[in-house]
Amino acid sequence: MAPVEVQPTVEGAARAGCDPTATRAMVYAYYQAVNDGRWTDVAAFFHDDAVLLVPSQVPKVGRETILRFYESHGRRFPEHHDDVPLLMLDGNRVMTLVDFNGVDRNGNVVRFWTAGIFTIESRRIRQYRVIFDTAQLEGPVPPGVG
């Protein structure tokens, strides 16, 4: 049996050119753009061929598809705020804990916790996986709507 090779995270991050301060700043700037409803700016954080993964939905592939998702999200929750009390880094991977507070298009107050897992490459999002319990949302979530 061959020995298992383990590469310490810090060394791997250094080789990949990961700057923890810049990565944190980028992720917080992403959430600020989400909170401001600046959907074109939000989409600009993603690579052209990035993937957005949302529970119970088909993957959103490509910046234009991701932009349409966020625009739809903004229509579903015209009032919203993502508070990020926790952000953890591991090289080019970032995990966030998000306290979502909002009002949906029907005037219902909505609050739930989500987790976000980002893969960052060249200071852009390569993949973003959102994790939340879909039962926390009232009624069925239409395809393509967050």
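Looking only at side-chain heavy atoms (C-beta outward), Arg124 and Arg63 come within less than 4.5 Å of each other. Residues Ile66 and Tyr70 form a side-chain contact, since some pair of their non-hydrogen atoms from C-beta on lies under 4.5 Å apart.
Judged as a side chain to side chain donor-acceptor pair (under 3.5 Å), and not counting sequence neighbours, the contacts of Thr96 are Tyr31. Residues satisfying the side chain to side chain contact (heavy atoms under 4.5 Å, CB included) criterion with Ala44, sequence neighbours excluded, are absent altogether. Legend: residues meeting ring pair (Phe, Tyr, Trp, His ring centres under 6.0 Å) with Tyr128, ordered by chain and number and at least two apart, are Tyr30, Phe118. Under the ring pair (Phe, Tyr, Trp, His ring centres under 6.0 Å) criterion, His47 pairs with no residue at all, not counting sequence neighbours. The salt bridge (Lys or Arg N to Asp or Glu O under 4.0 Å) test applied to Asp41 returns Arg38, not counting sequence neighbours.
When hydrophobic clusters are built by joining Ile, Leu, Val, Met, Phe, Trp and Tyr residues whose side-chain heavy atoms come closer than 4.5 Å, directly or via intermediates, Leu86 is grouped together with Trp113.
Looking at Val94, Val84, Ile125 one by one, the single match for side chain to side chain contact (heavy atoms under 4.5 Å, CB included) with Val27 turns out to be Val94.
Heavy-atom contacts from other residues, nucleotides or ligands closer than 6.0 Å to CZ of Arg126 number more than 12.
In plain terms, the two heavy atoms of Ala29 and Phe45 that are nearest each other are C-CZ, 3.7 Å.
Other cluster members for Val51: Leu53, Val61, joined by side-chain heavy-atom distances under 4.5 Å among Ile, Leu, Val, Met, Phe, Trp and Tyr.
Note: Asp19 CG to Ile120 CD1 = 12.5 Å, rounded to the nearest 0.5 Å.
Using a cut-off of 4.0 Å between Lys/Arg side-chain N and Asp/Glu carboxylate O, Arg111 and Asp99 are scored as salt-bridged.
A donor and an acceptor atom, one from each side chain of Arg24 and Thr21, are nowhere located under 3.5 Å apart.
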